[in-house]
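In this chain, residues are counted from 1 in sequence order.
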Amino acid sequence: MSNMALLLRTFARQGVCLARPQFSVLYRHAAPMGTTAKDEMNKFWAKNARLNRPMSPHLTIYQWSVPMLMSITHRGTGVGLSGAISAFALAALVLPGSYPYYLDLINSLYIGPYLIGLAKFGITFPVSFHTYNGIRHLLWDMGKGFKIPEVYRTGYTVISLSIITSIAVAML
């Protein structure tokens, strides 16, 4: 007798069978076997059309708020910073020359103090925003700051600190 047959016989004798009531939790929410995924999706869209529901999530049905914008910006800065760090690391590995060579190259362009300040602000803002908002999320992980007024207050605080930090660094 094969090992698989022996294993199946053992489970059958132990009573591991989905037909028993105590295992009904495993299949209570499953679609009936007579329907396919396409049938279920057609029923879903027909119900939404009948009830005149918008296709969700859709930007036009949401009222924009500070916490929503902060969440989107936090994710965007995280992805952007990860991409930038990866690009700079790859460039450091692939490009010829060393760091002082490229620093001298940038200095020789004489971009001007205003453009350099703008570049400093553009680099500092995502870093500071992501850092301060990350601290805000750590406070949330500790269970603090979940009341709606606190969520807005800490959101405005993060935005303010990020702008102040970015301006301070840009002025260096």
Side-chain angles (χ1 to χ4, degrees), residues 26 29-31 36-49 51-172:
L26 298 174
H29 300 291
T36 64
K38 186 175 182 178
D39 294 336
E40 290 299 316
M41 287 305 296
N42 288 338
K43 283 197 287 187
F44 171 79
W45 291 117
K47 178 182 175 184
N48 283 345
L51 295 174
N52 204 18
R53 292 180 178 163
M55 190 182 307
S56 184
H58 197 274
L59 297 178
T60 59
I61 65 170
Y62 295 114
Q63 182 178 357
W64 288 85
S65 63
V66 172
M68 179 191 292
L69 291 173
M70 299 271 304
S71 176
I72 293 168
T73 307
H74 186 73
R75 292 164 196 236
T77 56
V79 169
L81 291 171
S82 296
I85 289 171
S86 298
F88 281 118
L90 184 64
L93 290 173
V94 174
L95 292 176
S98 62
Y99 176 73
Y101 169 77
Y102 291 104
L103 191 57
D104 289 338
L105 179 68
I106 292 172
N107 283 334
S108 70
L109 296 176
Y110 189 70
I111 298 172
Y114 294 111
L115 198 52
I116 289 175
L118 185 62
K120 287 180 182 178
F121 186 88
I123 292 169
T124 307
F125 183 79
V127 172
S128 61
F129 178 84
H130 197 78
T131 302
Y132 292 136
N133 206 39
I135 293 168
R136 179 176 176 230
H137 276 269
L138 288 174
L139 290 173
W140 286 351
D141 290 343
M142 292 187 285
K144 298 179 182 180
F146 278 119
K147 294 180 180 161
I148 296 299
E150 293 172 343
V151 170
Y152 277 87
R153 187 175 61 247
T154 57
Y156 288 125
T157 303
V158 165
I159 294 169
S160 302
L161 285 173
S162 300
I163 291 172
I164 290 168
T165 303
S166 300
I167 290 172
V169 169
M171 296 178 88
L172 291 177

* Asked: Do the non-hydrogen side-chain atoms of Arg53 and Lys47 ever get within less than 4.5 Å of each other?
  -> yes
* Structure fact -> Residue pairs meeting ring pair (Phe, Tyr, Trp, His ring centres under 6.0 Å), one or both in residues 149-172, sequence neighbours left out, come to none
* Can you measure from CD1 (Ile116) to OH (Tyr110) and round to the nearest 0.5 angstrom? => 8.0 Å
* Kindly give the heavy-atom pair with the smallest separation between Asn133 and Val158, and that separation in Å. => N-CG1, 3.9 Å
* Are Phe125 and Ile163 side-chain neighbours, meaning at least one heavy-atom pair lies under 4.5 Å? -> yes
* Can you sort out the partners of Ser162 under side-chain hydrogen bond (donor to acceptor under 3.5 Å, both in side chains), two or more places apart, ordered by chain and number? => none
* Which residues satisfy the side chain to side chain contact (heavy atoms under 4.5 Å, CB included) test with Leu118, sequence neighbours excluded? -> Leu115
* Asked: Can you list the residues that meet the side chain to side chain contact (heavy atoms under 4.5 Å, CB included) rule with Ile164, with sequence neighbours excluded?
  -> none
* In chain order, what residues pass the side-chain hydrogen bond (donor to acceptor under 3.5 Å, both in side chains) check against Thr154, with sequence neighbours excluded? -> Arg136
* Side-chain heavy atoms of Thr157 within contact of Tyr132, under 4.5 Å -> no
* side-chain hydrogen bond (donor to acceptor under 3.5 Å, both in side chains) with Asn42: which residues, sequence neighbours excluded? -> none
* Structure fact -> With sequence neighbours left out, the residues meeting side chain to side chain contact (heavy atoms under 4.5 Å, CB included) with Leu138 are Asp141
* With sequence neighbours excluded, what pairs up with Arg153 under the side-chain hydrogen bond (donor to acceptor under 3.5 Å, both in side chains) test? -> none
* Structure fact -> Heavy-atom nearest pair, Thr124 first then Thr165, reads CG2-O, 4.1 Å
* Give a yes or no on whether Met142 atom CE has more than 12 heavy-atom contacts from other residues, nucleotides or ligands under 6.0 Å away. => yes
Please tabulate, for the side chains in residues 66-73, all donor-acceptor contacts under 3.5 angstrom to protein atoms that are two or more places apart in sequence or on a different chain.
from	atom 1	to	atom 2	distance (Å)
Ser71	OG	Arg75	NE	3.4
Thr73	OG1	Leu69	O	2.7

* In chain order, what residues pass the side chain to side chain contact (heavy atoms under 4.5 Å, CB included) check against Ser98, with sequence neighbours excluded? -> Pro100, Tyr101
* Structure fact -> The reported gap from CD1 in Ile123 to OG in Ser128 (rounded to nearest 0.5 angstrom) is 12.0 Å
* Kindly indicate whether the side chain of Phe146, heavy atoms from C-beta on, has any atom under 4.5 Å from the side chain of Glu150. => no
* Structure fact -> Here the gap from Leu161 atom CG to Thr131 atom OG1, rounded to the nearest 0.5 Å, amounts to 11.5 Å
* To do: Could you list the residues that satisfy ring pair (Phe, Tyr, Trp, His ring centres under 6.0 Å) with His74, not counting sequence neighbours?
  => His130, His137
